[in-house]
There are 2 protein chains.
Amino acid sequence: MDQFVSTFTNKIDTKGRVSVPASFRTVLAKDGLDGIYCYPSLDAPALDAGGKRLVDKINALVEDLAPYSDERDHLATALFGTSEILSIDQDGRTILPERLREHAGITTHIAFVGLGEKFQMWEPERFKTHLSEARQKVRDLRKLLGAGRRGSGGPEGARE
Amino acid sequence: MDQFVSTFTNKIDTKGRVSVPASFRTVLAKDGLDGIYCYPSLDAPALDAGGKRLVDKINALVEDLAPYSDERDHLATALFGTSEILSIDQDGRTILPERLREHAGITTHIAFVGLGEKFQMWEPERFKTHLSEARQKVRDLRKLLGAGRRGSGGPEGARE
DNA sequence: GTGCTTTCCATTGACGCCCATAAATTCCCA
DNA sequence: TGGGAATTTATGGGCGTCAATGGAAAGCAC
């Protein structure tokens, strides 16, 4: 598997270390980056993270813009300037800088949430809320879709 | 990693010395320049800096313009005329000339901000403001990108 | 010599590396 | 198929190394 899937909640120890889920480590290793590329999400109290693939995407995004243009500098500042390359020790643990923890409101535990090509880190309680909201939105969306597509739009649409 | 990433805020001591972040030094060393190429940002109270790669890019930029044209002369003057090669001592520290510090309003602390192929130096408080503006602009920019995306073949990394 | 810059050494705190333990999972074999 | 051994994973703690910073010593100019 070369994608980040599932959710894992791990504990931060007294030295600020936290285990990166083993399956995520496997994906990262295949991706060819010795560490985690990580930055604060632009519009959520969470951290976006990934490997080389994510870095390449961001590079492509920035390099599409004209050199010395405002957009380019701002994008580079917002992305590279706020990013960190988190190292992973040989026991599979990493340390989140204060700046990142603060953005996500993380204190004692971290929820690692797989999103396919990247993953996010959340304060577990906040993620719980975020997840139920997301699920509700999906249900609403499907009702709309179902209403137009199927004959009924009936009880079936409420299924999980 | 061969890019300037993350932000580090370091202190200027009584002799005007300041430590260049270790990870930035690593990138510079790989870049094959024994020092920092540095000049005042054209449109921000900050300093642009980098290694050989940055110098090459600037050269290419200038050489793209017609020889003896006004634009070329102006660009060359604005960039080369105001540049300095800052040396790095064996403890990884450098000294900023008064002229450069003044342009950026730097006094006691410097924020080193990675932007990928180059980095900037800011007065920390000013950078804080600049960063929140940059993040807002990127949010706006992404809405535009996101609206027109799909099938563009472009990176879809603009998504959060 | 005095004043200024550059090189070298010292301190401190953070981070990486090593080992230990315990729980959970996988694997193996009867 | 069930039980037990071996492996993997998450977590805790000790210790050495390195980075950031401060200060002393050694060149250099005038």
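Computed from heavy atoms alone, side chains included, the values below leave out hydrogens, waters and symmetry copies.
For the side chain to side chain contact (heavy atoms under 4.5 Å, CB included) criterion with A:Y68, the lone passing option out of B:L75, B:L61, B:D43 is B:L61. Each of B:R53, B:K52, B:K57 was compared with B:E117 under the salt bridge (Lys or Arg N to Asp or Glu O under 4.0 Å) criterion, and only B:K57 meets it.
Taking the six-membered ring for Trp and the full ring otherwise, the centers of B:F24 and B:F4 sit less than 6.0 Å from each other.
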Item to complete: For each nucleotide in nucleotides 14-30 of chain D, reading 5' to 3', give B when a protein heavy atom comes within less than 4.0 Å of its base, S when such contact involves only the sugar-phosphate, and - otherwise.
Response: B----SSBBBB------
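Proximity of B:F8 to B:S23: side-chain heavy atoms (C-beta onward) are separated by under 4.5 Å at one or more points.
Atom P of nucleotide D:dG12 and atom CG of A:D89 are separated by 13 Å, given to the nearest angstrom. Protein atom CG of A:D34 is 11 Å distant from nucleotide atom P of C:dG16, rounded to whole Å. Atom CD1 in B:I88 sits about 16 Å away from atom C1' in C:dT7, given to the nearest Å.
Within the 4.0 Å cut-off from OP1 or OP2 of C:dC8, at least one side-chain nitrogen or oxygen of B:Q90 is found.
More than 12 heavy atoms of other residues, nucleotides or ligands lie within 6.0 Å of CG in B:D89, so this atom counts as buried by the packing criterion.
A perpendicular orientation is assigned to the rings of A:F80 and A:Y37, their planes being inclined by more than 60° (bins at 30° and 60°).
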